[in-house]
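These figures come from a predicted structure and were not determined experimentally.
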Amino acid sequence: MKIKVKQPAAVQLTLDEQELVVQQTVKHGLKRSSVVTTVPRTALIGMEMHQPTEDNNGHFQVTYQLDKKADKQIVDFWFGRSDAPFLNELHQILEQQINKNSEWGEADFVANGQLIMEYLDMRDKGLLTNAEFEAKKREILRLD
């Protein structure tokens, strides 16, 4: 999916199965520069969208966190009424992704616990070093 917003500022959004890419033209005095933000779909944690009105442009904001230790980051832009239908569709798709990202049910905890216990047993038998075990544990718990 590709969306181009022309007013009030140029923004191009590209969404595929892996990531959301937001390319914006930003003014710095008299100069304009292009800023590209790439957000993995699995890093999306929140979103806000305010519809445009007769007097004001709409506002779209996506919050993401690249890993558990990283700070939350925001990418946002303004859009006009003519772009609202396209952004409504994007909003629905991203909302589903954010809901999917936040789901981590009891079955996941049990499965992850069992997997960690198996690696712990391997470590105790000398098949894994302590560092390898800790790395696997962090990977399973999505701490990195």
Side-chain angles (χ1 to χ4, degrees), residues 1-123 128-144:
M1 162 184 265
K2 189 177 276 192
I3 300 170
K4 290 185 179 183
V5 176
K6 296 180 181 171
Q7 294 294 329
V11 179
Q12 179 174 310
L13 303 151
T14 306
L15 179 68
D16 62 21
E17 295 298 319
Q18 304 298 319
E19 62 192 13
L20 171 67
V21 178
V22 181
Q23 184 175 355
Q24 302 182 59
T25 301
V26 180
K27 288 184 184 180
H28 298 285
L30 297 175
K31 289 186 173 184
R32 293 177 188 257
S33 61
S34 181
V35 176
V36 178
T37 306
T38 302
V39 181
R41 286 177 72 144
T42 56
L44 296 168
I45 58 174
M47 176 180 50
E48 278 186 43
M49 181 174 167
H50 300 281
Q51 294 290 339
T53 63
E54 292 283 333
D55 301 325
N56 296 314
N57 289 314
H59 184 247
F60 198 95
Q61 175 179 306
V62 175
T63 306
Y64 63 98
Q65 189 173 19
L66 295 175
D67 63 51
K68 297 285 183 193
K69 295 179 185 176
D71 292 333
K72 293 178 183 176
Q73 298 181 37
I74 295 174
V75 62
D76 66 341
F77 59 91
W78 298 89
F79 62 95
R81 293 178 80 184
S82 62
D83 295 310
F86 304 108
L87 292 171
N88 286 335
E89 182 181 350
L90 177 67
H91 180 267
Q92 291 174 351
I93 293 169
L94 294 182
E95 188 172 53
Q96 290 173 355
Q97 181 68 50
I98 291 167
N99 290 338
K100 180 180 175 186
N101 292 349
S102 67
E103 291 175 0
W104 202 8
E106 190 174 330
D108 295 320
F109 285 110
V110 171
N112 288 340
Q114 289 172 344
L115 189 55
I116 290 170
M117 292 305 291
E118 289 174 14
Y119 281 118
L120 179 63
D121 187 47
M122 290 172 70
R123 184 195 70 180
L128 289 176
T129 66
N130 197 43
E132 291 170 325
F133 167 74
E134 290 298 324
K136 287 291 186 183
K137 183 174 75 172
R138 294 185 68 73
E139 180 183 328
I140 292 165
L141 296 174
R142 302 180 195 171
L143 297 174
D144 293 331

- Query: Shortest non-hydrogen contact from F79 to F60?
  - Reply: CE2-N, 3.9 Å
- Rounded to the nearest 0.5 angstrom, the NZ-CD1 distance for K136 and I116 is 12.0 Å
- Task: Any chance you could measure T129, atom OG1, to M122, atom CE, to the nearest 0.5 Å?
- Result: 11.0 Å
- Item | Side chain to side chain, L44 and V39, heavy atoms closer than 4.5 Å | yes
- Nearest heavy-atom contact between T14 and Q12 is OG1-NE2, 3.9 Å
- Between the CD atom in Q65 and the CD atom in Q73, the distance rounded to the nearest 0.5 Å is 9.0 Å
- Query: Can you tell me how far NE2 of H91 sits from CD of Q96, rounded to the nearest 0.5 angstrom?
  - Reply: 11.0 Å
- If we only count heavy atoms from C-beta on, is the L94 to L15 side-chain gap below 4.5 Å? yes
- Residues G80 and N57: closest non-hydrogen pair is CA-OD1, 3.9 Å
- Task: Identify which one of V5, T25, V35, V75 satisfies the side chain to side chain contact (heavy atoms under 4.5 Å, CB included) criterion when paired with V11.
- Result: V5
- Message: According to side-chain hydrogen bond (donor to acceptor under 3.5 Å, both in side chains), does anything in residues 75-90 pair up with another residue at least two apart or in another chain? List the pairs.
- Response: Q51-N88, E54-R81, H59-D76
- Interatomic distance, T37 atom OG1 to I74 atom CD1 [nearest 0.5 angstrom]: 12.0 Å
- Item | Residue pairs passing the salt bridge (charged side-chain N to carboxylate O under 4.0 Å, His left out) test where at least one lies in residues 34-44, sequence neighbours excluded | none
- Query: Looking at side-chain heavy atoms only, is the closest gap between V62 and I98 below 4.5 Å?
  - Reply: no
- Message: So for atom CZ, which belongs to F133, do other residues, nucleotides or ligands contribute more than 12 heavy atoms lying within a distance under 6.0 Å?
- Response: yes
- Between P52 and G58, what is the shortest heavy-atom contact and its length? CB-N, 3.4 Å
- Item | Distance in Å, Q97 CD paired with E17 CD, rounded so as to fall on 0.5 Å steps | 9.0 Å
- Message: Contact between Y119 and L115 at the side-chain level, heavy atoms closer than 4.5 Å - yes or no?
- Response: yes
